[in-house]
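Below: the structure, in structure tokens.
Just so it is clear, the structure is predicted and the values come from calculations on it, not from any experiment. Each chain gets a letter, A, B and so on, in the order its sequence line appears, and its residues count up from 1.
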Protein chains: 2
Amino acid sequence: MLKYQHIADELENYIEEHKLQQGAKLPVLQDLMRQFNVSKSTVTKALELLEKKGVVFQVRGSGIFVRRHKRNGYISLLSNQGFKKMLEEFQLASKVIALDVRKPTKEAALNLNISIDDDVYYVKRIRFIHGQTLCLEESYFTKSIVTYLNKEIITESIFNYITEGLGLSIGFADTFLHVDKLTAEEAQYLELKEGDPKLYVESIFHLSNGQPFDFSKVTYNYVQSQFFIQAEL
Amino acid sequence: MLKYQHIADELENYIEEHKLQQGAKLPVLQDLMRQFNVSKSTVTKALELLEKKGVVFQVRGSGIFVRRHKRNGYISLLSNQGFKKMLEEFQLASKVIALDVRKPTKEAALNLNISIDDDVYYVKRIRFIHGQTLCLEESYFTKSIVTYLNKEIITESIFNYITEGLGLSIGFADTFLHVDKLTAEEAQYLELKEGDPKLYVESIFHLSNGQPFDFSKVTYNYVQSQFFIQAEL
DNA sequence: CAGTGGTCTAGACCACTAG
DNA sequence: TAGTGGTCTAGACCACTGA
């Protein structure tokens, strides 16, 4: 385990356990260096991680403080809060509608940077949150990378399987979103009415080496969809 | 000017000028160290900045590569791409509907962490993109921080004025969003129909020292609203 | 002006990739 | 196995905050 990762985890746990609120002051750098017996840069690296994650903010000349917003029930749009945490917190579940190997659409091939003759796994599923429909999801996985999928895997967390099971390292994602009206088919799956609002999200996920491996199109139920983003400016 | 900031700017310009595409390889760390005559950590810091900004990705054992998505016309939801760039690229304009000093609503006071007896600047404006209505925006600025505003300022970029004019340093923002249907009033302002879809975004902006100074509620025209997010996972 | 976080260095060693 | 980026150190110096 990386030292800075470990320090970040410890600090986050500490904040969680002691239920520290926005603005609570953490120990100064000197103390953290001594406490964990590491150099200044290592502590700094850990704090940068937490800052990116939206857990703390640092003020030069003053100290390190807890950052925590007041609202519950919002899903993080940047999945930097951890997959497992999300799954637990929101009791997500899935129902699989389709799973097969096929040729990609032109659109999918373009986004995955493959030929329309290459194979992809096609996954279509509905996701539920607290027992309500959350979204309708269609995904294309490059088969030469994600070599095997089955119904059991995709009912659980696909990404967890990709990292743990296949030993692949996920790097980054490009996500595009806009708002529109539900088509009849989407409305039926989400148990809403045609013409109701929807949030439509397309994402291209890449491995750490930059190779795209998943192109997904997700239509969210507007009633259930509350998102948040913590940004540094 | 910070060295790592300068290096990051230079590299970004280089990529822009040479129109490097996704996957293009940049010089290795050694070369960048020599080229800019700085230590390894400094180059690393510059590259971390660019990585966070979604400009490059690094692969251990392999190199540093350009990251660039293929879609145009999408607005970045994390304003980490720079305000000025956005304004230029999208030809944003504003029409002011209201500007006054008043007492905050309970909601605004709560989010700004002030008393309902404190003064706030209230701003209501419509923003246009390429001459079309983009959004309807209501903002509350803590008056003790943002001490002065006038119509001219808020017709241009408020944030630019806050940093340049008032010399304040903006730190981070918490943003909450969901999808809903337009009310009659919103529809009128946005030149759409009541019941049409909308993207509704609430943000709380904080100074670098953690103090909230702006609570804003924005309703986007669904036709014009295309957003993207570049995330690291 | 004491104390805090931010920048930067020089160098050791490690983990991974690709030929 | 040579070359690449990632981690970590110890320490100097700088910029900012708050009493």
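For an aromatic pair to be called close, the ring centres must be under 6.0 Å apart, and F205(B) with F215(B) fails this. Residues H69(B) and F176(A) bring their aromatic ring centres within 6.0 Å.
Atom NZ in K3(A) sits roughly 14 Å away from atom C1' in dG6(D) (whole-Å rounding). Atom CZ in F57(A) sits roughly 13 Å away from atom P in dG5(C) (whole-Å rounding). Atom CG in D31(B) sits about 12 Å away from atom P in dG3(D), given to the nearest Å. One can place CD of E48(B) at 14 Å from P of dG6(C), the figure rounded to the nearest angstrom. As rounded to whole Å, 13 Å separates atom P of dT9(D) from atom CZ of F36(A). Per the geometry, CG belonging to L32(A) stands 15 Å off C1' belonging to dG6(C), to the nearest Å. Distance, I7(A) CD1 to dT9(D) C1': 13 Å, rounded to whole Å. The nearest whole Å value for the distance from the CZ atom in F65(A) to the P atom in dT4(C) is 11 Å.
Distances shown here put every side-chain N or O of Y4(B) at or beyond 4.0 Å from the OP1 or OP2 atom of dC8(C). OP1 or OP2 of dG6(C) sits under 4.0 Å from a side-chain N or O of Q58(A).
Qualifying side chain to side chain contact (heavy atoms under 4.5 Å, CB included) partners for T155(B), counting only residues two or more places apart in sequence or in other chains: V96(B), K151(B). Remark: Y200(A) pairs with E202(A) by the side-chain hydrogen bond (donor to acceptor under 3.5 Å, both in side chains) rule, at least two apart or across chains.
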Table please: side-chain donor-acceptor pairs of residues 10-20 of chain B below 3.5 Å, with sequence neighbours left out.
residue	atom	partner	partner atom	Å
E12(B)	OE1	K53(B)	NZ	2.9
N13(B)	ND2	D9(B)	O	3.4
E16(B)	OE1	R68(B)	NH2	3.2
H18(B)	ND1	Y14(B)	O	3.0

Got a list of side-chain donor-acceptor pairs under 3.5 Å for residues 26-39 of chain A, not counting sequence neighbours?
residue	atom	partner	partner atom	Å
D31(A)	OD1	R34(A)	NH2	3.3
S39(A)	OG	T42(A)	OG1	3.2

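Toward the 5′ end of DNA chain D lies the nearest nucleotide of G63(B), the other residue of the pair V43(A) and G63(B) mapping further downstream. Toward the 5' end of DNA chain C, the nearer of the two residues S41(A) and I64(A), judged by each one's closest nucleotide, is I64(A).
Of the candidates dT9(D), dT7(D), dC8(C), the closest approach to any side-chain atom of T42(A) belongs to dT9(D). For L29(B), the listed nucleotide lying nearest its side chain is dG5(D); candidates were dG5(C), dC8(C), dG5(D). Considering only side-chain atoms of V28(B), the nucleotide from dT4(D), dC8(D), dC8(C) that sits closest is dT4(D).
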*At under 4.0 Å between heavy atoms, which parts of nucleotides 12-19 of chain C does protein reach? Answer with one letter per nucleotide, 5' to 3': B base, S sugar-phosphate only, - none.*
---BBBS-
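When heavy atoms are screened at a 4.0 angstrom cut-off, L47(A) is found touching no nucleic acid atom at all.
Stem regions annotated for DNA chain C: C:1-18 with D:1-18, counting only runs of 3 or more consecutive pairs of Watson-Crick or G-U type with both contacts under 3.5 Å.
H206(A) contributes atom NE2, which lies 8.0 Å from atom CZ of F57(B) (distance to the nearest 0.5 angstrom). With values rounded to the nearest 0.5 angstrom, L112(B) atom CG is found 10.5 Å from Q211(B) atom CD. Rounded to the nearest 0.5 angstrom, Y140(A) OH and I114(A) CD1 are separated by 11.0 Å.
In terms of modelled atom types and a separation under 3.5 Å, the side chain of T163(B) and the main chain of F159(B) share a donor-acceptor contact.
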